[in-house]
There are 2 protein chains.
Amino acid sequence: MSQMQSVEKQLRQMILGLEIGPGEKLTERWIESRFGASRTPVRAALLRLETEGLVGRDGRGWTVSPINLAELEQIAVYREAVEVAALRLTCSLADRSAVDVIEAMLESCDNDTPREEWHRVGMDFHIELARLSGNEFLFRAVRDAMTRLSRARWLEVRDEAALSRAWAEHRAILASARLGDADEAARLLSGHIVGSRDRLVTSLANDRRGLRARGFAVVAA
Amino acid sequence: MSQMQSVEKQLRQMILGLEIGPGEKLTERWIESRFGASRTPVRAALLRLETEGLVGRDGRGWTVSPINLAELEQIAVYREAVEVAALRLTCSLADRSAVDVIEAMLESCDNDTPREEWHRVGMDFHIELARLSGNEFLFRAVRDAMTRLSRARWLEVRDEAALSRAWAEHRAILASARLGDADEAARLLSGHIVGSRDRLVTSLANDRRGLRARGFAVVAA
DNA sequence: GGCACCATCTTGGTATCCCAAATTGGTATC
DNA sequence: GATACCAATTTGGGATACCAAGATGGTGCC
């Protein structure tokens with residue numbers, strides 16, 4: 001494989017995994033030496049990550065995008081639009097057996113599952129659910145939105161109760177979808193997204209001071 | 001301004017203006033000499049245009065994306081989701097006076113207006129309407145979708161009747177939005193998008209042979 | 001005459017070099 | 001001691017040289 005995609009993948013992983021904090025400055029030369037690649041693939045990676053919203057230009061120079069609470073709220077509205085549309089599409093399909101695959105995905109998490117896995121499955125639920133619609137654009141929209149939310153969700157302090165509640169909501173959405181009850185499924189999904197957003201923004205706003213102390217730039221709403 | 005953005009802008013213009021036909025092969029070296037730029041800005045431009053869906057990789061090498069009828073249908077569904085969401089948001093705003101600006105935009109077209117201008121305003125209507133929602137993501141989604149549709153709409157044969165009907169629908173949507181009647185506005189917009197899609201796909205499917213004869217790759221639904 | 005194989009050329013991918021602008025650090029002056 | 005100004009280094013953008021892989025065409029063998 002070309003080294004280009006490798007740089008892109010590794011750099012994205014570092015950003016999403018918060019190994020490089022939100023708001024940190026990036027220099028092409030540092031990335032170059034860090035991954036042993038040359039500047040061309042580094043630039044390609046930065047251009048791609050820019051369109052994903054993970055890095056941005058800071059005048060001249062690059063910056064890892066800060067966590068932006070106003071942006072998180074807007075993304076929630078966007079998610080609601082595209083995820084609900086995708087879900088309604090899925091509910092209208094004749095064969096909805098694919099929801100079982102997602103159900104199984106949820107089941108794969110138990111008390112022994114590491115936090116990373118919970119985090120990943122929590123996002124993949126929404127991404128895979130959107131994929132079932134068969135609409136490539138709705139799917140990509142959801143995937144990109146979840147990518148943008150990923151770091152914030154990782155920073156969020158989630159107690160056990162919130163987590164199991166989210167899982168219950170996921171299951172309820174799947175149940176309605178399986179029955180083809182689009183209105184109910186859409187209602188549940190909307191509620192889930194709005195609730196997630198509220199908890200997320202509240203948590204980050206409360207922790208803002210602590211997060212900044214850890215070097216993470218968090219922009220207020 | 002850096003030459004990079006110039007190459008990107010000019011190349012995008014050539015693709016959207018069908019000066020380079022859908023399906024045509026592109027070589028970095030040709031672009032390089034055509035615009036008097038070096039390969040670095042050329043590659044940056046191609047990477048950007050790739051994310052916009054205007055060019056794609058063809059194994060090794062680049063190709064101007066063909067017109068894809070299946071994709072057009074999916075985009076219509078996507079548009080419906082994001083545009084309706086944006087419109088509902090706009091309807092819920094206290095101050096909806098900005099719709100008058102869009103109304104004025106429509107008024108700027110009359111019988112003497114060149115076809116290019118009708119085309120541009122027809123797209124800008126949807127883009128600017130989405131911008132009013134104040135949601136950056138919904139706005140970008142609509143803008144990107146319209147960019148992807150742009151070439152197909154340019155190829156579409158539209159008679160006078162269809163054009164004035166579209167304009168009437170635009171005005172009706174604005175009227176409902178001004179009153180804050182979200183449900184009615186959403187209903188009208190949905191109908192408009194679905195109707196546009198049907199006419200567009202039908203027209204292109206009918207003309208497919210002729211378009212291919214002109215060197216334009218058109219992929220069936 | 002047709003088909004297979006090899007030389008050559010083309011092309012995108014990578015590395016490196018150069019440049020202009022901006023940031024930075026230090027110094028001299030007030 | 002603070003500030004303004006200048007030099008040197010850093011940094012991103014652009015250009016170019018090089019490479020490996022794939023396309024192409026021509027030639028020779030069957």
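Just so it is clear: chains get the letters A, B, ... in the order the sequence lines come, proteins before strands, and each one is counted from 1.
- Atom CD1 of Ile31(A) and atom P of dT10(D) are 18 Å apart (whole Å).
- Distance from the side chain of Arg39(B) is smallest for dG13(C) among the nucleotides dA15(C), dG13(C), dG12(D).
- Closest to the side chain of Arg29(B), from the set dT16(D), dT16(C), dC18(D), is dC18(D).
- When both pairing distances are held under 3.5 Å, dT29(C) makes a Watson-Crick or G-U pair with dA2(D).
- Here Ser38(A) reaches the OP1 or OP2 of dA15(C): one of its side-chain N or O atoms lies under 4.0 Å away.
- A salt bridge is defined here as a Lys NZ or Arg NE, NH1 or NH2 lying under 4.0 Å from an Asp or Glu carboxylate O, and Arg131(A) with Glu128(A) meets this definition.
- At whole-Å resolution of the value, NZ in Lys25(A) and C1' in dT24(C) are 14 Å apart.
- Checking dG14(D), dG12(C), dT16(C) against every side-chain atom of Glu28(B), the shortest atom distance belongs to dG12(C).
- Residue Glu19(B) qualifies as enclosed at atom CD: its count of foreign heavy atoms under 6.0 Å is above 12.
- Atoms CH2 (Trp62(B)) and P (dA23(D)) sit 17 Å apart, rounded to a whole Å.
- Remark: C1' of dT16(D) and CZ of Arg43(A) are 13 Å apart, rounded to the nearest angstrom.
- For CD of Gln13(B), the number of neighbouring non-hydrogen atoms (other residues, nucleotides, ligands) closer than 6.0 Å is 12 at most.
- Counting to the nearest Å, the C1' atom of dT14(C) and the CZ atom of Phe35(A) are 17 Å from each other.
- No side-chain donor from either of Asn206(B) and Ser203(B) sits under 3.5 Å from a side-chain acceptor of the other.
- Residue-level contact check: Leu46(B) touches neither bases nor backbone, having no heavy atom under 4.0 Å from any strand.
- With distances taken from any side-chain atom of Thr40(A) to the nucleotides dG14(D), dA15(C), dG13(D), the minimum falls on dA15(C).
- Seen from the ring of Trp154(B), Arg115(B) counts as a face-on cation partner, given the 6.0 Å and 45° thresholds.
- Taking atom CZ on Arg48(A) and atom C1' on dG13(C), their separation rounds to 13 Å, with Å as the unit.
- Rounded to an integer number of Å, the gap from Leu26(A) CG to dG13(D) P is 13 Å.
- Counting to the nearest Å, the C1' atom of dG22(D) and the CG atom of Asp58(B) are 12 Å from each other.
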